[in-house]
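These notes are about the structure you will find just below.
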Amino acid sequence: MPNFIDRRLNPKDKSLGNRQRFLKRAREELKRAIKEQVKSGKIADVDADHNVSMPARGVNEPTFQPAGDTGERKYVLPGNREFAAGDRLPKRASGGGATGAGAGTGRSEDEFQFVLSREEVLDLFFEDLELPDMVKLNLKESVAFKRRRAGFAATGSPTNINVGRTMRNSFGRRIALHRPGRKEMEAIAEEIARLEAEPRAGAKHQQDLEELRQKLEKLERRRRRIPYVDPVDIRFNRFEPQPLPNASAVMFCLMDVSASMGEREKDLAKRFFVLLHLFLKRRYDRIDIVFIRHTDEAGEVDENTFFYSKQSGGTIVSTALEEMLRVIRERYPAREWNIYAAQASDGENISGDSERCASLLHDDLMRLCQYYAYVEIIDERETEIFGTTDNGTSLWRAYRTVDGEWPNFQMTRIAKPADIYPVFRKLFGKQPAVQAR
């Protein structure tokens, strides 16, 4: 069995191993403390370092200590003026302890602050959440591969020979080794033929002819020793596997920003989408996010515009669904993509348009989506009045017909900031997969 020695430096002079063991034992308490902080604070604060108060109970590290009543030990007590070696010291009464002025009675345990990094906070916060119903290709860490060009190699299959690069190497080698060229040798051969055709003109003529023949022979030997294409010149096209996600997922975020959405409603909707955005970016590296805002018109926007633009106007909810359908048809074919959607609205809509929304969901979108979540922002007083019944806005009542027919459709209400995280867990908590129709 191999032995591994971890020589990585510990962060900030702390023991990383001890820290991870502590987190493992205190995980449930840390998760509870973080969730309580988020409920009472801002959702965006999840994406930051946290100081978490932890009760001391149950988190003490086990340690080895010498027994106080056995064994032999030597102590050095500086400043001792009362005792000498061999003196017997009275044993302190059991149950005693240090006391101070104003000490009270009873037992108590101090809490301590435990600082969690941003990465640790997000890991704990989203640990048991996931996108439901990933049934097409299952978004897993294992990936498919395709071959892509990755330069050249000196070895390979003959079918992968790169002729251009091979000839370039051959040309450079021939120049460096001064391989005789064809034109040079042909010129010498022609000169020899010319001299041979001339009548003999004496010893000088014969000497020149012999020198040319020797030079030609020397060039021919050199040309044979330096091949036109040598094995060292050959280069092969190199391919390497390129990882591909074996599932593609896209999340559509639809938010109502019309005049009926007051500052409180918009704030709650934005908090929900901020939490959703953090969740998706944290848990899934390979996912597209499409932001759509709507008043009486809808349009795809970037992340900054979605969260910070102050646009307002009338309300026609079906425009957002039509825009989502357009984007799906143009960029995200359902046979290749896992499609998710989350919609936030106060439920107010122009007369007759809620039925149009339900029709779009029934006839088109729900057949394409793996999962669709609708969140309605309501007044806190409406919670006690409507609860989860069919009463409420026209959009809520229209969507109830969709909820009853499609198992991959979920709807819920948010009335105050403390509702956001429980609702989010309800919508995106791990659950058995339900295949879309």
Stepwise side-chain contact (heavy atoms from CB on, under 4.5 Å) test for C253 and E303: CA-CA 10 Å; C253 299; E303 177 184 338; over 6 Å; no
Intermediate values then yes/no, side-chain contact (heavy atoms from CB on, under 4.5 Å), D353 and I350: CA-CA 6 Å; D353 189 61; I350 192 172; 3.2 Å; yes
Chi angles and distances behind the side-chain hydrogen bond (donor to acceptor under 3.5 Å, both in side chains) call for R397, T393: CA-CA 6 Å; R397 292 193 297 271; T393 64; over 6 Å; no
side-chain contact (heavy atoms from CB on, under 4.5 Å) between S359 and H362, intermediate numbers included: CA-CA 5 Å; S359 177; H362 276 299; 5.7 Å; no
Stepwise side-chain contact (heavy atoms from CB on, under 4.5 Å) check, L395 with Y374: CA-CA 10 Å; L395 189 61; Y374 171 66; 3.4 Å; yes
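Salt bridge annotation for R326-E322: absent, with no cationic side-chain nitrogen under 4.0 angstrom from a carboxylate oxygen.
A donor-acceptor contact closer than 3.5 angstrom links the side chains of Y332 and D288. Counted by atom type alone, N237 and N162 present one or more donor-acceptor pairs between their side chains at under 3.5 Å. With no hydrogens or angles considered, no side-chain donor-acceptor pair links E323 and H294 at under 3.5 Å. With no hydrogens or angles considered, a side-chain donor-acceptor pair links T305 and D302 at under 3.5 Å. Counted by atom type alone, Y399 and E376 present zero donor-acceptor pairs between their side chains at under 3.5 Å.
Residues R173 and I226 are in side-chain contact: their nearest non-hydrogen atoms beyond the backbone lie under 4.5 Å apart. Looking at heavy atoms from C-beta onward, M366 lies in side-chain contact with Y372 at the 4.5 angstrom threshold. Under the 4.5 Å side-chain criterion, counting only non-hydrogen atoms from C-beta, L321 is in contact with Q343. Side-chain contact check for D346 versus I378: every heavy-atom pair is 4.5 Å or farther apart. Put simply, the side chain of R400 reaches to within 4.5 Å of the side chain of D403, judged on heavy atoms. With contacts defined as side-chain heavy-atom distances shorter than 4.5 Å, the pair F409/M411 qualifies.
The closest donor-acceptor contact from the side chain of R356 to the backbone of T319 lies at 3.5 Å or more, if one exists at all. The backbone N or O of T315 lies less than 3.5 Å from no partner atom in the side chain of D296, so there is not a single donor-acceptor pair. Between the side chain of D419 and the backbone N or O of I414 there is no donor-acceptor pair closer than 3.5 Å. Put simply, the side chain of E265 gets close to the backbone of G262: a donor and an acceptor are under 3.5 Å apart. Side chain of R165 to main chain of F236: no donor-acceptor pair is present (N/O by atom type, distance under 3.5 Å, no hydrogens or angles). No donor-acceptor pair under 3.5 Å is formed between the side chain of R264 and the backbone N or O of M261. Here the side chain of N349 pairs a donor or acceptor atom with the backbone of V317 at under 3.5 angstrom. No side-chain donor-acceptor contact under 3.5 Å links R238 to the backbone of G151. Between the side chain of R222 and the backbone N or O of H178, at least one donor-acceptor pair lies under 3.5 Å. Using a distance-only test at 3.5 Å, with no hydrogens or angles considered, no donor-acceptor pair links the side chain of S394 to the main chain of S354.
Between atom CD of residue E300 and atom CZ of residue R331 there is a gap of 4.5 Å, rounded to the nearest 0.5 Å. Atom OG of S258 sits about 7.5 Å away from atom NZ of K266, to the nearest 0.5 Å. A distance of 8.5 Å separates CD1 in I377 from OG in S345, rounded to the nearest 0.5 Å. Here CG of D364 is found 9.5 Å from CD1 of I328. Values are rounded to the nearest 0.5 Å.
Of all the heavy atoms in A269 and M255, the pair that sits closest is CB-SD, 3.8 Å. Summarising the geometry of Y228 relative to D233, their closest heavy-atom pair is O-OD2, 4.2 Å, with the distance given to 0.1 Å. The shortest non-hydrogen separation linking P407 to E405 is CD-O, 3.6 Å. Minimum heavy-atom separation, A358 to T401: CB-OG1, 4.2 Å. Contact record, S318 with L360: O-CD1, 3.9 Å, taken as the closest heavy-atom pair.
More than 12 heavy atoms of other residues, nucleotides or ligands sit less than 6.0 Å from atom CD of E184. The number of heavy atoms from other shown groups lying within 6.0 Å of CD (E240) is above 12.
Between F273 and the choices F252, F291, F306, the ring-ring contact (aromatic ring centres under 6.0 Å, His included) rule is met once, by F306.
Stacking of R367 on the aromatic ring of W406 is not recorded, the 6.0 Å distance cut-off and the 45° axial limit not both being met. Judged by the 6.0 Å distance and 45° axis criteria, R148 is not positioned over the aromatic ring of F239.
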